[in-house]
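Presented below is the structure to which this report refers.
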Number of protein chains: 2
Amino acid sequence: MNLVTEQAVTSSDKTFFQLRKDIVEGQILPASKLSEAELAKRYTVSRAVVREAINRLVTCHLVERRANVGARVVALGPEGLVSLYQVRESLEGMAARLAAVNMSDDEIADLQSLLASHLQTVQSGDTYYQEAGDVDFHYRIILGSKNDHLISMLLEGIYHLIRMYRVQLGMAGPRVTTAFDEHKSIVQAISNRDGELAEILMRRHILYTRNNLEKKLVQQAV
Amino acid sequence: MNLVTEQAVTSSDKTFFQLRKDIVEGQILPASKLSEAELAKRYTVSRAVVREAINRLVTCHLVERRANVGARVVALGPEGLVSLYQVRESLEGMAARLAAVNMSDDEIADLQSLLASHLQTVQSGDTYYQEAGDVDFHYRIILGSKNDHLISMLLEGIYHLIRMYRVQLGMAGPRVTTAFDEHKSIVQAISNRDGELAEILMRRHILYTRNNLEKKLVQQAV
DNA sequence: AATGCCATTATTGTCGACAATATTGCGAAA
DNA sequence: TTTCGCAATATTGTCGACAATAATGGCATT
């Protein structure tokens with residue numbers, strides 16, 4: 001299966017994608033139980049395909065399963081968010097380092113033009129596509145690492161969990177202009193083929209994002 | 001399921017562990033096909049449990065599956081080893097950083113005594129337990145990070161793949177005394193609660209190990 | 001009234017059979 | 001002879017039913 005254009009070929013794939021979507025987007029609430037029989041009825045498939053879909057969700061760390069008891073959607077806590085961002089900082093920092101070495105000149109040019117279009121968006125005050133743009137930016141660098149292990153861990157593992165947090169905490173993400181400057185310097189480092197700097201900047205960028213999220217989390221708790 | 005003391009409760013668990021063992025230890029060769037029917041006969045279980053076991057192996061990146069075609073044990077190449085070690089360097093560096101903050105004083109004391117016992121082993125010229133000792137060292141630091149995502153990625157993901165490589169390349173691992181000194185300085189940084197240094201040293205340590213493996217790989221190719 | 005035990009019930013784990021898809025090998029046409 | 005297409009075969013995907021295990025509730029005992 002391709003990592004980016006995930007296309008569902010089997011019935012189990014579709015159920016998996018559907019369930020993942022429902023969980024990440026909050027249709028199915030955290031800590032809720034996933035009954036195999038019930039889901040089988042809901043999606044009009046056999047219990048076997050639901051089972052397989054659930055197993056895949058387990059490997060994404062989106063649900064947890066106990067033998068002979070059942071599967072529950074993970075419960076999100078502040079510690080979970082922190083630990084997730086620690087892993088993300090580590091992996092995506094390495095991705096930036098590798099991207100600086102492994103991206104082609106064309107890919108870097110594309111990345112720069114993406115950045116330019118983001119600048120336009122920011123200046124026009126349009127905030128709607130901001131998150132999508134941010135995701136696009138990070139995706140390109142991750143893919144630019146050309147490291148399959150890294151790519152799959154980030155794109156089919158961590159990123160869905162992070163999206164789930166974002167939806168759950170109801171944050172479309174502020175920090176637009178400052179984040180843009182950070183993106184800009186990362187691209188600069190990559191186009192200079194300076195992997196070490198790219199890694200440092202990417203890690204800082206993610207750390208700032210995390211701090212920002214935690215701040216919001218505290219506000220929300222009050 | 002506990003991450004360290006993995007105990008098989010279900011039939012599918014046992015089959016999974018058995019298959020993983022057979023693959024990692026080379027009983028089942030890389031790039032060989034995993035026929036569901038054949039394995040079901042071999043282990044005297046139903047095809048469903050074999051299927052589930054194979055799916056779990058897929059998530060460990062030990063086998064690859066294509067829809068309607070089947071599953072094959074991954075083929076190991078030099079690039080794969082490099083990309084694996086890049087991920088390991090990144091994650092385990094972060095683990096060391098976190099361990100410096102999150103390990104208890106008792107755990108650090110245990111780590112130091114482990115190091116002392118390793119010194120004894122090295123001085124006595126005994127090389128047999130060297131690899132086990134090395135694994136034990138790294139495990140403690142990984143667990144010391146107290147980050148569940150990090151722990152599961154490393155211990156139930158990457159480490160089995162690395163073991164597979166080691167077995168496949170037939171290297172019990174040299175570099176005993178130098179590696180010991182590196183371990184020593186890492187422990188020093190951790191007991192000083194210096195996370196930043198611990199991360200740098202761990203990353204260097206893993207990079208050296210990788211360079212050493214690559215050298216062996218080239219020698220073998222000649 | 002509270003607690004511990006046992007039967008009941010519901011849910012998950014396992015199985016064998018059938019359906020759908022990919023591979024293989026044969027034969028026909030260029 | 002080579003290549004294309006089709007039929008035969010083998011393997012995977014899906015299904016419903018049964019077995020095993022855990023959660024539930026009532027009953028008896030203290």
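Throughout, a chain's letter reflects where its sequence line sits, starting with A, and its residues are numbered from 1.
Remark: side-chain polar atoms of B/Ser145 are not paired, donor with acceptor, to backbone N or O of B/Ile141 under 3.5 angstrom.
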For every nucleotide of nucleotides 7-14 of chain D, 5' to 3': is a protein heavy atom under 4.0 Å from its base (B), only from its sugar-phosphate (S), or from neither (-)? ----SBBB
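Here ring pair (Phe, Tyr, Trp, His ring centres under 6.0 Å) pairs that include residues 31-82 of chain B, with residues two or more places apart or in two chains, are A/His149-B/His61.
Between the CG atom of A/Leu111 and the CG atom of A/Asp136 there is a distance of 9.0 Å, given to the nearest 0.5 Å.
Counted by atom type alone, B/His183 and B/Asp134 present one or more donor-acceptor pairs between their side chains at under 3.5 Å.
Relative orientation of the B/Phe137 and B/His205 rings is perpendicular, given thresholds of 30° and 60° on the angle between their planes.
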